[in-house]
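Here is the structure we will look at.
Chain letters run A, B, ... following the sequence lines, proteins first, then strands; residues in each count from 1.
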Amino acid sequence: MTVVWTDERVEELKRLWGEGLTTGEIGKALGVSKNAVVGKAHRLGLKGRPSPIKRVKQQKAKPEPKIRSVIDLSAHTCRWPIGDPREPGFHFCGKPAIPGKPYCSEHAAIAYVNSSSRSSKDEDAA
DNA sequence: CCCTGATTCGC
DNA sequence: GCGAATCAGG
């Protein structure tokens with residue numbers, strides 16, 4: 001595989017080498033064996049580096065998972081607890097709640113039932 | 001064992 | 001000078 005090392009090849013070699021590609025990658029890109037690459041590189045006087053050189057993958061920094069909590073729920077979302085808070089399947093109702101109330105109409109009825117039975121004659125007064 | 005790079009060795 | 005083989009490090 002005596003591919004004539006033209007200036008282009010050498011330039012590509014140096015470029016890929018500088019890119020951080022491994023000898024195998026460069027050799028594959030140039031169509032030569034990794035030995036040829038490393039040999040030429042060494043002969044050229046390129047900088048040596050640690051064996052397992054790998055290009056650092058650009059990891060996308062995730063914004064944030066955004067933890068859902070009861071306070072994060074919309075003000076108009078029913079927060080009626082379903083199940084036991086200690087159990088894994090615990091969740092909230094999530095149905096549209098009554099404005100001003102943390103529960104939907106159904107659960108609000110349950111929540112406020114008998115809580116403070118308004119007398120049928122305490123608000124008619126003026 | 002795999003990966004890699006570095007050096008050696010024959011052409 | 002070239003690359004494969006070989007050696008060496010991780």
Inset, instruction - Select from A:Trp5 and A:Lys34 the residue whose nearest nucleotide in DNA chain C is closer to the 5' end of that strand. - result: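 Final value for this comparison: A:Trp5.
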Inset, instruction - Under the side chain to side chain contact (heavy atoms under 4.5 Å, CB included) rule, what do A:Val10 and A:Lys40 come out as? Steps first, then yes or no, please. - result: CA-CA 8 Å; A:Val10 178; A:Lys40 185 67 178 178; 4.0 Å; yes
Inset, instruction - Hey, could you give me the CG/OG1 distance between A:Leu30 and A:Thr23, rounded to the nearest 0.5 Å? - result: 11.5 Å
Inset, instruction - Find the distance A:Ile26:CD1 to B:dA6:C1' and express it as a whole number of Å. - result: 14 Å
Inset, instruction - For A:Ala36, check side-chain contact (heavy atoms from CB on, under 4.5 Å) against everything at least two apart and list the hits. - result: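 With sequence neighbours excluded, A:Ala36 shows a side-chain contact (heavy atoms from CB on, under 4.5 Å) to A:Val32, given in chain and number order.
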Inset, instruction - For B:dG5, take OP1 and OP2 only and decide whether either is under 4.0 Å from a side-chain N or O of A:Thr23. - result: yes
Inset, instruction - Tell me whether the OP1 or OP2 atom of C:dA4 has a side-chain N or O from A:Ser33 closer than 4.0 Å. - result: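 For C:dA4, OP1/OP2 do have a side-chain N/O of A:Ser33 under 4.0 Å.
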Legend entry - For A:Arg15, all residues meeting side chain to side chain donor-acceptor pair (under 3.5 Å), sequence neighbours excluded: A:Glu12
Legend entry - Minimum-distance pair of heavy atoms, taken over all atoms of A:Ala29 and A:Leu16: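 Scanning both residues, the minimum pair turns out to be CB-CD1, 3.8 Å.
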Legend entry - Exercise: identify the closest heavy-atom pair between A:Cys78 and A:Cys104: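 Minimum heavy-atom contact is SG-N, 3.1 Å.
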All N/O pairs under 3.5 Å across the protein-nucleotides 7-10 of chain B interface:
{"from": "B:dT7", "atom 1": "OP2", "to": "A:His42", "atom 2": "NE2", "distance (Å)": "2.2"}

